[in-house]
Amino acid sequence: MAGVGVDEAMLNDLKDTAEQVAVEAAHLVRTAWVRMRSGGEVAVDTKSAETDVVTAVDRESEELVRARLERIRPGEPVLGEEGGGEAAAGGVTWVVDPIDGTVNFLYGLPTFAVSIAAQVDGVSVAGAVVEPVSGRRWTAVRGGGSWLDGDRLSVSAADRLDLSLVGMGFSYAQDRRVRQGKLTADLVGRVRDIRRRGAASLDLCAVAAGWLDGYFEHGLHRWDWAAGALVAQEAGATVLLPGEAADLGEDATFTASPGIAAELRAALAAGGAAEV
């Protein structure tokens, strides 16, 4: 691929690897979720706030992913939500969210996913987002499209913001969540409705499928968007990643169908997104 030094054959190999390993991790996560819903216990800890949780299953899932990737593609570094890591200079780095939507997982809600992306120089070139409960597999390769269970994805044809369905997300920090609530209150009168599902990777994929017309959130980490943003972009969405839209805030992630992207961006900026 021009600009990132990855040819088509390698892109497809990276995508297949991401999907294969994500499916294995998703099976582990689903088994634990079923056991928990049947009365089994899962060890839980917290990170940045009491509402920001991590489970033993998050860590087990990431350990499995790291082990599988080391076996399949030895020597390539992994940047994971739980285990950290550093990106390679010029080569492939794997970016992993072992459970995106851990709070949903804990509450028994079936909306969570395993997200794995291959990046070169910080750019996602292939990825997979796999839902443990439904079994849905979202995949993408840069310049080659994105798919849901093998069916090609395309964003919605939305061209009016007032008739658009938009996804939002909120911070774990209470003071920031209050500011985000005010931004949401401003936006809700400008759109058809707003959805909050609690798993960024799946919201990004939902834009790719046309299930949402747009999605916006502050404070996402690389592992939250690395695979899902590529799925959205390859389905035709306008995508802005953290650091690319000062008018929305330095840590803003934005994606939308092209027909409403400019209008949605302007509405968010007018509502004070940059100050959130």
query: Is a side-chain donor or acceptor of R195 paired with a backbone partner of L212 at a separation under 3.5 angstrom?
result: no

query: Less than 4.5 Å apart, any side-chain heavy atom of F112 and any of V29?
result: yes

- request: Compare every heavy atom of G272 with every heavy atom of L183, then report the nearest pair and how far apart it is.
  value: CD1-N, 4.4 Å

query: What pair of heavy atoms forms the shortest contact from A256 to A261, and how long is it?
result: CB-CA, 3.9 Å

query: Heavy-atom count around E70 CD within 6.0 Å, excluding the residue itself: above 12?
result: yes

- prompt: Where do A227 and S115 come nearest, in terms of heavy atoms and distance?
  reply: CB-OG, 3.3 Å

- request: Verify, without hydrogens or angle tests, whether E62 (side chain) and P98 (backbone) share a donor-acceptor contact under 3.5 angstrom.
  value: no

query: Can V133 be reached from V34 by stepping across I, L, V, M, F, W or Y side chains whose heavy atoms are under 4.5 Å apart?
result: yes

query: Quick one: salt bridge (Lys or Arg N to Asp or Glu O under 4.0 Å) partners of D175, sequence neighbours excluded?
result: none

field: Beyond-backbone contact of R137 with E19, side-chain heavy atoms, under 4.5 angstrom
entry: yes

message: Going by the rule side chain to side chain donor-acceptor pair (under 3.5 Å), which residues pair with S201 if we only count those two or more places apart in sequence or in a different chain?
response: D100

field: Residues R59, D45; criterion side-chain contact (heavy atoms from CB on, under 4.5 Å); working and verdict
entry: CA-CA 11 Å; R59 296 188 174 109; D45 203 349; 4.2 Å; yes

query: Which distance, rounded to the nearest 0.5 Å, do you find between the CE of M168 and the CZ of R196?
result: 10.0 Å

message: Walk me through whether D58 and S61 qualify under side-chain hydrogen bond (donor to acceptor under 3.5 Å, both in side chains).
response: CA-CA 5 Å; D58 290 81; S61 176; over 6 Å; no

I99 side chain near T102 side chain, heavy-atom distance below 4.5 Å: yes

task: To the nearest 0.5 Å, tell me how far E76 CD sits from L69 CG.
output: 8.0 Å

- prompt: Are I116 and L14 in one and the same hydrophobic cluster, where Ile, Leu, Val, Met, Phe, Trp and Tyr link if side-chain heavy atoms are under 4.5 Å apart?
  reply: yes

task: Compare every heavy atom of E217 with every heavy atom of A200, then report the nearest pair and how far apart it is.
output: CB-OE1, 4.3 Å

Side-chain (R176) to main-chain (V276) donor-acceptor, under 3.5 angstrom: yes

- request: Look only at the side chain of H218 and the backbone of L248, and say whether a donor-acceptor pair between them is shorter than 3.5 Å.
  value: yes

task: Nearest 0.5 Å please: distance from the CD1 atom of I72 over to the CH2 atom of W94.
output: 8.0 Å

Separation of T31 OG1 from L28 CG (nearest 0.5 Å): 6.5 Å

- request: Linking directly or through intermediates, with side-chain heavy atoms under 4.5 Å: list the remaining ILVMFWY members grouped with L202, chain and number order.
  value: V129, W138, L148, L153, W211, V231

statement: Taken in chain and number order and not counting sequence neighbours, the residues that satisfy salt bridge (Lys or Arg N to Asp or Glu O under 4.0 Å) with D159 are none

task: Identify, with sequence neighbours excluded, every residue that meets side chain to side chain contact (heavy atoms under 4.5 Å, CB included) alongside A185.
output: none

field: Distance, nearest 0.5 Å, that separates CG of D13 from CD of E8
entry: 12.5 Å

query: Any link between L264 and I194 through a network of hydrophobic side chains (Ile, Leu, Val, Met, Phe, Trp, Tyr) touching at under 4.5 Å?
result: yes

query: Taking the six-membered ring of W33 as reference, does the NZ or CZ atom of R37 fall below 6.0 Å from its centre and within a 45° cone about the axis?
result: yes

query: Is there side-chain contact between V191 and L187, with heavy atoms separated by less than 4.5 Å?
result: yes

- prompt: Where is the tightest heavy-atom contact between G122 and R222, given as atom of each residue plus distance?
  reply: O-NH1, 3.1 Å

- request: Classify the side-chain pair R142/Q233 by whether it contains a donor and acceptor separated by less than 3.5 Å.
  value: yes

message: Strictly distance-based, threshold 3.5 Å: is any side-chain N or O of R68 a donor or acceptor partner for the main-chain N or O of T17?
response: no

message: Could you check whether any side-chain N or O of R177 sits under 3.5 Å from a backbone N or O of S171, counting only pairs where one atom can act as donor and the other as acceptor?
response: yes

query: In the hydrophobic cluster built from side-chain contacts under 4.5 Å, what are the other members alongside V23?
result: V130

field: Expected output: side-chain S134 to main-chain R136 donor-acceptor under 3.5 Å
entry: yes

message: Please tell me whether V178 and F216 are part of a single hydrophobic cluster in this structure, the criterion being side-chain heavy atoms less than 4.5 Å apart.
response: no

- request: With rounding to the nearest 0.5 Å, note down the distance linking CG in L268 to CZ in F254.
  value: 6.5 Å

task: Let me see the working for R265 and D247 under salt bridge (Lys or Arg N to Asp or Glu O under 4.0 Å), right down to the final yes or no.
output: CA-CA 9 Å; R265 181 175 181 174; D247 58 323; 2.9 Å; yes

Common cluster, L79/L220, ILVMFWY with side-chain heavy-atom separation under 4.5 Å: no

message: One pair to check against side-chain contact (heavy atoms from CB on, under 4.5 Å): V141 and W147. What are the steps and the verdict?
response: CA-CA 9 Å; V141 293; W147 304 267; 3.8 Å; yes

message: Using only atom types and a distance under 3.5 Å, with no angle test, would you say the side chain of E81 pairs donor to acceptor with the backbone of V96?
response: no

Backbone of R197 reached by a side-chain donor or acceptor of N104 within 3.5 Å: yes

Nearest heavy atoms of L241 and A229, plus distance in Å: CD2-CB, 3.8 Å

Q119 and S124: side chain donor to acceptor below 3.5 Å: yes

- request: Verify, without hydrogens or angle tests, whether E234 (side chain) and G145 (backbone) share a donor-acceptor contact under 3.5 angstrom.
  value: yes

